[in-house]
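Everything below concerns the one structure shown next.
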Number of protein chains: 2
Amino acid sequence: MSFDLDAFLPYRLSVAATQVSRRFAARYAAEAGLSIPEWRVLAHLSRSGAVSVRDITARVNLDKSIVSRASARLEGAGYLRKSGHAGDQRLVVLDLTDSGRALMERLGRIADEFQAELLTELGDDAPAFRRALLHLAGPTD
Amino acid sequence: MSFDLDAFLPYRLSVAATQVSRRFAARYAAEAGLSIPEWRVLAHLSRSGAVSVRDITARVNLDKSIVSRASARLEGAGYLRKSGHAGDQRLVVLDLTDSGRALMERLGRIADEFQAELLTELGDDAPAFRRALLHLAGPTD
DNA sequence: TTGACATCGTTGCATTTGCAACGATATTTT
DNA sequence: AAAATATCGTTGCAAATGCAACGATGTCAA
């Protein structure tokens with residue numbers, strides 16, 4: 001009996017992730033043309049307050065080069081500011097501007113709506129699904 | 001209350017998918033240095049037999065340009081052959097060589113092992129997880 | 001039959017990605 | 001205190017990706 005790709009979890013997981021990302025991106029595309037890294041940086045900053053690039057890199061599961069470039073674009077768009085760190089000169093501290101906070105408020109609503117839709121679709125499987133995802137994310141978190 | 005990225009399903013899903021893909025890639029890297037598209041094409045061909053590029057594109061959730069390039073590399077490596085289609089000259093038919101079949105047999109074993117590991121890790125949540133993934137993959141399948 | 005339109009696979013191109021320097025600053029070791 | 005190491009963020013570069021031509025073939029309609 002040959003190998004069945006359709007039943008293979010890494011494959012299914014990847015397809016599902018791509019699909020869901022696309023659906024979500026379509027929602028916030030109307031609000032702002034953010035890339036996924038930009039969206040993650042913004043979302044994390046809105047909760048953490050001012051933090052360094054390295055902090056975000058660790059939290060948001062993206063390479064530091066990606067966070068660096070996403071931050072540069074977000075700065076250019078006026079959504080965040082960069083500043084030096086008092087104690088450690090190597091660090092670059094990121095902080096949302098009012099404009100960034102306002103954008104994130106709108107995006108947060110859209111995200112919450114989308115999340116609610118997903119949970120409805122999943123029904124009773126939602127809790128187990130959430131547990132499984134947390135588990136598979138591995139010891140990195 | 002601000003938006004919580006860590007609890008956001010599309011994010012968790014994406015992180016989990018990346019993580020699992022990496023783990024799996026590490027397993028088969030020793031056997032053959034395949035990219036993910038190459039692995040998918042190979043895996044699909046091993047089950048479907050000779051089919052066209054378009055067929056694989058639809059089944060394996062990849063852009064046709066990606067399937068085209070993956071096929072070219074696999075052909076170069078001697079894992080598959082391309083041939084014309086009798087009825088429709090536009091089609092390119094792909095078929096595994098003996099070498100390709102042999103490789104896929106080894107990879108299939110590795111994949112099955114990995115899948116078993118994942119299922120063990122997930123425990124009782126596995127069935128719900130699988131259902132959820134199938135559902136989220138959307139009506140495309 | 002001829003012409004308009006659709007489909008197939010490949011290729012070109014701009015963008016994104018991941019990784020490995022790199023300069024600048026901190027920390028640790030001797 | 002000096003020297004060796006480590007860490008931070010940016011940048012360069014090669015490879016991968018997504019999308020839109022494109023040539024070639026097929027199909028459909030007038």
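Letters go in sequence order (proteins before strands), and every chain restarts at 1. None of these values were measured; they are calculated from a predicted model.
Atom CZ of B:Phe24 sits about 13.5 Å away from atom OH of A:Tyr11, to the nearest 0.5 Å.
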For every nucleotide of nucleotides 11-22 of chain D, 5' to 3': is a protein heavy atom under 4.0 Å from its base (B), only from its sugar-phosphate (S), or from neither (-)?
BB----SBB---

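Scored by the side chain to side chain contact (heavy atoms under 4.5 Å, CB included) test, A:Ala50 finds A:Val93, A:Asp95 as partners (sequence neighbours excluded). Not counting sequence neighbours, the partners of A:Asp88 by the side chain to side chain donor-acceptor pair (under 3.5 Å) test are A:Arg90. Residues that satisfy the side chain to side chain contact (heavy atoms under 4.5 Å, CB included) test with A:Val92, not counting sequence neighbours, are A:Val53, A:Lys82, A:Leu94. Residues meeting the side chain to side chain contact (heavy atoms under 4.5 Å, CB included) test with A:Arg22, sequence neighbours left out: A:Thr18. For B:Arg23, the side chain to side chain donor-acceptor pair (under 3.5 Å) partners two or more places apart in sequence, or in a different chain, are B:Glu121. Residues passing the side chain to side chain contact (heavy atoms under 4.5 Å, CB included) test with A:Thr97, sequence neighbours excluded: A:Arg81, A:Ser99. A search for side chain to side chain donor-acceptor pair (under 3.5 Å) contacts involving A:Asp125 returns B:Arg131, not counting sequence neighbours.
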For residues 101-119 of chain B, which side-chain N or O atoms pair as donor and acceptor with protein atoms under 3.5 Å away, sequence neighbours left out?
residue, atom, partner, partner atom, Å
B:Arg101, NH2, B:Leu96, O, 3.2
B:Arg106, NH1, B:Glu31, OE2, 2.7
B:Gln115, OE1, A:Leu9, N, 3.0
B:Gln115, NE2, A:Ala7, O, 2.9
B:Glu117, OE1, B:Arg27, NH2, 2.8
B:Glu117, OE2, B:Arg27, NH1, 3.0
B:Glu117, OE2, B:Arg27, NH2, 3.2

I'd like a table of donor-acceptor pairs (distance under 3.5 Å, sequence neighbours excluded) in which one partner is a side-chain atom from residues 64-75 of chain A, with atom names and distances.
residue, atom, partner, partner atom, Å
A:Ser65, OG, A:Asp63, OD2, 2.7
A:Ser71, OG, A:Val67, O, 2.7
A:Arg73, NE, A:Glu38, OE2, 2.4

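When rounded to the nearest whole Å, the span between CD of A:Gln89 and P of C:dA26 equals 5 Å. Between the CD1 atom of B:Ile56 and the C1' atom of C:dT10 there is a distance of 16 Å, given to the nearest Å.
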N/O to N/O distances under 3.5 Å, protein versus nucleotides 5-7 of chain C:
residue, atom, partner, partner atom, Å
C:dT7, O2, B:Arg90, NH1, 3.0

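Within a heavy-atom distance below 4.0 Å of DNA chain D, the residues of residues 74-86 of chain A found are A:Lys82.
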